[in-house]
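Have a look at the structure below, then the notes.
So that the names make sense, note that chain A is the first sequence line, chain B the second, and so on, each numbered from 1.
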There are 2 protein chains.
Amino acid sequence: MSKLQSYEREAFETVERAPEAQAKGFATVRRAHESEMAEDYVELIAELIELRGEARPVEIAERLGVKSPTVTKNISRLKAAGLVRRERYRAIFLTDAGRELAEACRRRHRVVVAFLLSLGIDEETAERDAEGIEHHVSTTTLEAFEHALLQSQSGK
Amino acid sequence: MSKLQSYEREAFETVERAPEAQAKGFATVRRAHESEMAEDYVELIAELIELRGEARPVEIAERLGVKSPTVTKNISRLKAAGLVRRERYRAIFLTDAGRELAEACRRRHRVVVAFLLSLGIDEETAERDAEGIEHHVSTTTLEAFEHALLQSQSGK
DNA sequence: GCTAAAACTTAGACTCGTCTAACTTAGGTA
DNA sequence: TACCTAAGTTAGACGAGTCTAAGTTTTAGC
């Protein structure tokens with residue numbers, strides 16, 4: 001346990017960070033939250049299209065654990081953002097932009113899950129944590145995850 | 001690059017997850033979002049108390065990158081939640097519950113940052129990503145991070 | 001091919017976290 | 001000590017994301 005002391009130590013010396021840098025960090029997190037809804041929806045829509053050939057609000061609601069009016073409202077926001085194509089009472093499809101975003105998100109999701117699994121975390125926890133973590137992983141960090149994954153795979 | 005194929009593969013076989021499990025995951029993320037504000041505030045308040053002996057709204061606003069009325073409103077929410085103690089126009093202090101939460105958050109924050117650094121990520125990115133990631137890291141995952149950290153430290 | 005049930009939408013309310021504008025209080029200094 | 005300025009608060013608006021209740025459309029079974 002004493003090996004951990006090197007970073008536990010910081011507890012007692014609280015480094016003073018530049019306030020603007022800190023503020024920028026929080027702003028980044030707030031921005032990530034704004035795109036989270038869109039990312040979760042397109043990711044799920046892509047999944048359903050692959051699985052079923054189409055994405056229906058009823059199933060999106062079920063998987064997201066929300067009620068259908070919520071889905072209706074959010075889908076129209078997605079439509080306004082140019083990510084989905086859709087007519088009233090019909091299934092939902094992705095635009096090119098939506099498909100592109102979905103692909104990037106799914107790839108990122110898979111990397112995060114695979115990375116967590118490589119640390120010995122159980123599948124359920126890995127999936128659950130990845131859902132929250134993925135939206136806050138920068139390209140740099142994603143690459144580091146991939147790199148570490150490669151190491152661990154060649155290692156065994 | 002071909003080593004990566006094993007998890008890139010999944011792209012083409014989209015495993016069907018139980019809808020309820022997926023819904024539960026999203027619910028967990030939504031719950032995490034609700035406590036995020038509280039966690040960020042108490043963490044920062046603890047930091048400022050250590051640094052300055054007290055936490056002033058003006059500095060909280062600056063560090064969080066928000067305006068002071070936002071701080072006023074959120075502090076009263078924290079007060080209602082029993083995390084801070086405070087009188088009008090005076091500095092902000094933590095209750096026992098608040099201090100406890102702050103300590104847990106700061107420890108988690110340090111672990112996440114240290115872990116990201118151990119992957120070779122630069123300090124600025126590590127800090128920025130940790131800010132978002134930390135709120136979504138379960139105890140299980142946190143332990144896995146600590147374990148990996150220990151490995152990497154004994155490894156070099 | 002009608003009709004009942006399931007799927008979907010609309011309307012309207014609520015909370016959270018943010019903002020601006022305008023007001024009040026506290027504190028240092030002339 | 002009186003006053004100016006910086007700090008803090010109040011009031012009120014707004015968007016996002018959720019909900020319930022009530023309506024409309026689609027669809028599937030008889």
Side-chain angles (χ1 to χ4, degrees), chain A residues 19 22-45 48 52-81 83-93 131-132 135, chain B residues 19 22-45 48 52-81 83-93 131-132 135:
Chain A
Q22 206 168 357
K24 237 176 90 183
F26 285 114
T28 303
V29 177
R30 280 195 296 273
R31 225 171 306 115
H33 282 160
E34 284 169 21
S35 40
E36 238 171 270
M37 188 273 287
E39 293 185 354
D40 285 340
Y41 274 75
V42 296
E43 203 173 331
L44 182 52
I45 290 166
L48 291 174
R52 313 248 183 279
E54 58 174 30
R56 282 278 170 190
V58 66
E59 201 168 2
I60 294 175
E62 187 193 14
R63 302 234 168 194
L64 252 21
V66 300
K67 302 295 176 184
S68 57
T70 304
V71 174
T72 300
K73 193 176 279 188
N74 286 334
I75 291 297
S76 55
R77 294 204 245 256
L78 258 40
K79 190 177 175 181
L83 294 169
V84 307
R85 190 160 41 76
R86 113 102 142 186
E87 287 152 64
R88 273 160 119 263
Y89 296 102
R90 288 273 126 81
I92 298 144
F93 296 95
E131 208 74 76
H135 302 288
Chain B
Q22 205 168 357
K24 236 177 88 183
F26 285 114
T28 303
V29 176
R30 280 195 296 273
R31 225 171 307 115
H33 282 160
E34 285 170 20
S35 40
E36 237 171 272
M37 187 273 286
E39 294 184 353
D40 286 340
Y41 274 74
V42 296
E43 203 174 333
L44 181 52
I45 290 166
L48 291 174
R52 313 249 183 278
E54 58 172 31
R56 281 277 169 191
V58 65
E59 201 168 2
I60 295 175
E62 188 193 13
R63 301 236 169 191
L64 251 22
V66 301
K67 302 296 177 183
S68 58
T70 303
V71 174
T72 300
K73 193 175 280 191
N74 286 334
I75 292 297
S76 54
R77 285 179 187 152
L78 258 40
K79 190 178 175 181
L83 294 169
V84 308
R85 190 163 41 78
R86 114 104 143 182
E87 286 150 65
R88 273 160 119 262
Y89 295 102
R90 289 274 125 81
I92 298 144
F93 296 96
E131 208 73 76
H135 302 289

**Where chain A begins and ends its contact with DNA chain D, read 5' to 3' at 4.0 Å from heavy atoms** =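 From 5' to 3', the first and last contacting nucleotides are D/dA16 to D/dT27.
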Can you name the residues that form a salt bridge (charged side-chain N to carboxylate O under 4.0 Å, His left out) with [X], not counting sequence neighbours?
{"X": "A/Arg77", "answer": "none"}
{"X": "A/Arg31", "answer": "none"}
{"X": "B/Glu39", "answer": "B/Arg108"}
{"X": "B/Glu54", "answer": "B/Arg56"}

Looking at every non-hydrogen atom in both residues, tell me the closest pair between [X] and [Y] and how far apart they are.
{"X": "B/Leu83", "Y": "B/Ala38", "answer": "CD1-CB, 4.1 Å"}
{"X": "B/Thr70", "Y": "B/Tyr41", "answer": "O-OH, 4.1 Å"}
{"X": "A/Phe26", "Y": "B/Leu64", "answer": "CE1-CD1, 3.4 Å"}

**Request:** With the side chain counted from C-beta on, respond yes when B/Ile92 and B/Ile60 share a heavy-atom pair under 4.5 Å apart, and no when they do not.
**Result:**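 Yes. Closest side-chain heavy atoms under 4.5 Å.
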**Request:** Evaluate the side-chain proximity of A/Leu78 to A/Arg86: yes if any heavy-atom separation is below 4.5 Å, no if none is.
**Result:**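 No, side chains not in contact.
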**Sub-4.0 Å heavy-atom contacts from residues 66-76 of chain A onto DNA chain D, ordered by number** =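 Residues of residues 66-76 of chain A under 4.0 Å from DNA chain D: A/Val66, A/Lys67, A/Pro69, A/Thr70, A/Lys73, A/Asn74.
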**Request:** Could you identify which residues of residues 23-37 of chain A place a heavy atom less than 4.0 Å from some atom of DNA chain D, listed by residue number, or say none?
**Result:**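 Output list: A/Met37.
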**Item:** Residue closer to the 5' end of DNA chain D, A/Ala38 versus B/Ala91 (nearest nucleotide)
**Value:**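 Residue closer to the 5' terminus by nearest nucleotide: B/Ala91.
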**Message:** Base, sugar-phosphate or nothing for B/Arg88? Non-hydrogen atoms, less than 4.0 Å.
**Reply:**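 Sugar-phosphate contact only.
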**Request:** Give, ordered by number, those residues of residues 52-64 of chain A having at least one heavy-atom distance below 4.0 Å to an atom of DNA chain C; if nothing qualifies, reply none.
**Result:**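 Output list: A/Arg56, A/Pro57, A/Val58.
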**Request:** Determine, step by step, whether B/His135 and A/Val29 satisfy the side chain to side chain contact (heavy atoms under 4.5 Å, CB included) criterion, reporting the C-alpha distance in whole Å, the side-chain angles of both residues, the deciding distance to 0.1 Å, and the verdict.
**Result:** CA-CA 11 Å; B/His135 302 289; A/Val29 177; 5.6 Å; no
Who passes side-chain contact (heavy atoms from CB on, under 4.5 Å) against [X], sequence neighbours left out?
{"X": "A/Arg90", "value": "A/Glu87"}
{"X": "A/Arg85", "value": "A/Phe93, A/Thr95"}
{"X": "B/Pro69", "value": "B/Lys67"}

**Item:** B/Glu59 and B/Leu48: CA distance, side-chain angles, deciding distance, side chain to side chain contact (heavy atoms under 4.5 Å, CB included) verdict
**Value:** CA-CA 8 Å; B/Glu59 201 168 2; B/Leu48 291 174; 3.6 Å; yes
**Prompt:** What are the 5'-most and 3'-most nucleotides of DNA chain C lying under 4.0 Å from any heavy atom of chain B?
**Reply:**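 Range of nucleotides touched by chain B: C/dC16 to C/dG27.
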**Request:** Kindly compute the distance separating OG1 (B/Thr28) from CD (A/Glu131), expressed to the nearest 0.5 Å.
**Result:**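 One gets 9.5 Å once the value is rounded to the nearest 0.5 Å.
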